[in-house]
There are 2 protein chains.
Amino acid sequence: MSSNGFELPLRLLLAFRTLIDELHTELARQGHPDIRPMYGFVLQAIGPDGTTAVELGRTLGVTKQAAGKTIDTLERIGYAERTTDPRDSRRKIVRITPRGMDALDRSARIFDALRARWAAELGEERLQALESDLRRMTPGNPWRLDTPGWFGTL
Amino acid sequence: MSSNGFELPLRLLLAFRTLIDELHTELARQGHPDIRPMYGFVLQAIGPDGTTAVELGRTLGVTKQAAGKTIDTLERIGYAERTTDPRDSRRKIVRITPRGMDALDRSARIFDALRARWAAELGEERLQALESDLRRMTPGNPWRLDTPGWFGTL
DNA sequence: CCTATATAGTTAACCAGGTTGTCTATCGTG
DNA sequence: CACGATAGACAACCTGGTTAACTATATAGG
């Protein structure tokens with residue numbers, strides 16, 4: 001069956017989905033029940049220095065309006081906040097709140113734990129080979145995902 | 001960097017997305033410009049013998065209403081059709097049209113070609129190891145994806 | 001100095017694909 | 001034959017996208 005080209009994409013998706021599901025189960029247990037898969041990516045994309053709606057949209061590969069809506073949501077649930085830029089009053093700097101940082105830190109730790117589980121199951125060597133192979137077959141910068149909603153545009 | 005747990009899910013998603021993008025570029029070139037990523041999965045889930053909305057929903061892990069909407073779309077663009085079941089007039093059997101079959105056949109061939117490219121790049125042995133590892137870390141039946149829209153519900 | 005152009009952000013209308021809840025028609029069984 | 005279960009359709013709503021239009025501010029040029 002490994003010669004069936006249909007399986008490869010399916011397994012990649014399934015593996016991703018499995019990891020994300022496990023992450024969110026654990027995140028919910030640790031006090032972040034209303035976080036959704038993409039929020040982690042978005043917070044990561046905002047970065048420690050903050051960003052603006054236009055820039056975030058550019059990073060994520062969506063329109064500034066879509067980025068703005070996402071920021072609205074993140075703000076509403078307390079993971080990000082908008083502040084004005086004193087040097088350009090058109091701009092509003094989006095920053096991650098302490099609660100957002102907490103979610104991000106926990107995500108990182110949970111992902112590490114999940115990776116460790118994979119390593120225990122497959123062996124560190126095989127897992128490193130897998131990661132290296134995936135790195136080889138995918139574009140360089142993993143942040144330019146165009147992810148949020150690209151599967152919605154399915 | 002391979003010890004950073006964040007990278008694994010990202011690369012899995014990116015790899016999936018890359019394959020799907022390449023598939024659709026090629027599919028568009030071969031006369032199926034308006035097919036969308038999930039249609040292939042859905043057609044696959046419908047299968048050669050047809051199915052019903054309820055059953056399709058069960059297979060894909062979505063509600064029968066969502067399955068019904070998807071069937072509407074597939075019908076509108078000519079990839080599927082509804083026929084009534086003579087033995088149970090409540091049921092409507094959804095069948096793949098010849099055009100739908102054409103898309104499915106081409107998808108299979110394109111996926112095989114993409115897999116061959118991976119094999120050429122990584123070596124057949126490494127690729128088989130990768131597939132086998134992914135199989136080991138994901139649930140058994142790849143069809144029970146819960147895929148359509150799960151990332152929309154992101 | 002003052003006008004023209006570019007940029008940041010917001011709002012509105014729409015779309016796709018999901019959800020829940022409700023309703024109708026048909027099947028099948030006690 | 002009546003009643004419960006099942007198939008499908010419809011409506012209202014949610015989320016996360018899109019395009020288009022508008023406001024406010026910044027900046028460069030004549």
Side-chain angles (χ1 to χ4, degrees), chain A residues 17 20 24 34-43 45-46 50-77 79-95 145-154, chain B residues 13 17 24 34-43 45-46 50-77 79-95 145-154:
Chain A
R17 181 171 159 55
I20 295 293
H24 282 84
D34 31 342
I35 210 166
R36 314 270 238 95
M38 61 167 284
Y39 297 169
F41 291 114
V42 177
L43 289 177
I46 291 172
T51 185
T52 67
V54 168
E55 206 176 291
L56 181 60
R58 206 136 38 204
T59 305
L60 296 174
V62 299
T63 59
K64 60 179 180 174
Q65 293 92 325
K69 280 194 199 181
T70 304
I71 296 167
D72 287 345
T73 309
L74 250 25
E75 208 172 20
R76 186 173 43 75
I77 61 175
Y79 286 87
E81 59 188 356
R82 284 181 171 101
T83 60
T84 53
D85 183 339
R87 292 180 312 193
D88 183 341
S89 56
R90 288 172 307 176
R91 305 175 77 224
K92 293 192 183 167
I93 313 291
V94 182
R95 287 214 169 67
L145 308 156
D146 302 302
T147 294
W150 79 265
F151 206 80
T153 309
L154 203 65
Chain B
L13 174 59
R17 179 170 161 57
H24 282 86
D34 32 341
I35 210 165
R36 314 270 238 94
M38 60 167 285
Y39 296 170
F41 290 115
V42 176
L43 289 177
I46 291 172
T51 185
T52 67
V54 168
E55 207 176 291
L56 181 61
R58 206 135 39 203
T59 305
L60 297 175
V62 298
T63 59
K64 60 181 180 173
Q65 293 91 327
K69 279 194 198 181
T70 303
I71 296 166
D72 288 344
T73 308
L74 251 24
E75 207 172 21
R76 186 172 43 77
I77 61 175
Y79 286 88
E81 60 189 355
R82 283 181 170 100
T83 59
T84 52
D85 184 340
R87 293 180 311 192
D88 183 343
S89 55
R90 287 172 308 177
R91 304 175 77 223
K92 293 193 183 168
I93 312 291
V94 182
R95 287 214 170 65
L145 309 156
D146 303 302
T147 293
W150 79 263
F151 206 80
T153 310
L154 203 67

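Given the structure is predicted, the values throughout are model-derived calculations rather than measurements. Residue numbers begin at 1 in each chain, while the letters A, B, ... track the order of the sequences.
- Note on B:T73: every side-chain N or O is 4.0 Å or more away from OP1 and OP2 of C:dA16.
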Legend entry - Protein proximity profile, nucleotides 21-30 of chain C - base contact B, sugar-phosphate-only contact S, no contact -, cut-off 4.0 Å on heavy atoms: B---BBS---
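- Regarding contacts with the backbone of C:dT20, every side-chain N or O of B:T63 stays at 4.0 angstrom or more from both OP1 and OP2.
- Using a 4.0 Å heavy-atom distance criterion, B:A66 is classed as a base contact.
- In this structure, the side chain of B:T83 engages the main chain of B:I93 through a donor-acceptor pair within 3.5 Å.
- For A:T70 and D:dT15, the shortest distance from a side-chain N or O to OP1 or OP2 is not below 4.0 Å.
- Among the heavy atoms of the strands lying under 4.0 Å from A:K69 is at least one base atom, whether or not backbone atoms are also near.
- Here the CG-CD1 distance, from A:D72 to A:I77, works out to 11.5 Å after rounding to the nearest 0.5 Å.
- Summarising the geometry, atom CZ belonging to B:R36 is positioned 12.0 Å from atom OH belonging to B:Y79; distances are rounded to the nearest 0.5 Å.
- The side-chain contact (heavy atoms from CB on, under 4.5 Å) test applied to B:D88 returns B:D85, B:R90, B:R91, not counting sequence neighbours.
- Comparing C:dG18, D:dG8, C:dT10 by their closest approach to the side chain of A:R82 singles out C:dT10.
- The side chain of A:Y39 lies closest to D:dG16 when the candidates are D:dA9, D:dG16, D:dG17.
- Among the nucleotides C:dT19, D:dG8, D:dG16, the one closest to any side-chain atom of B:V62 is C:dT19.
- The side-chain contact (heavy atoms from CB on, under 4.5 Å) search around A:T63 returns A:Q65, A:A66, not counting sequence neighbours.
- A heavy-atom distance below 4.5 Å is not found between the side chains of B:V94 and B:L56.
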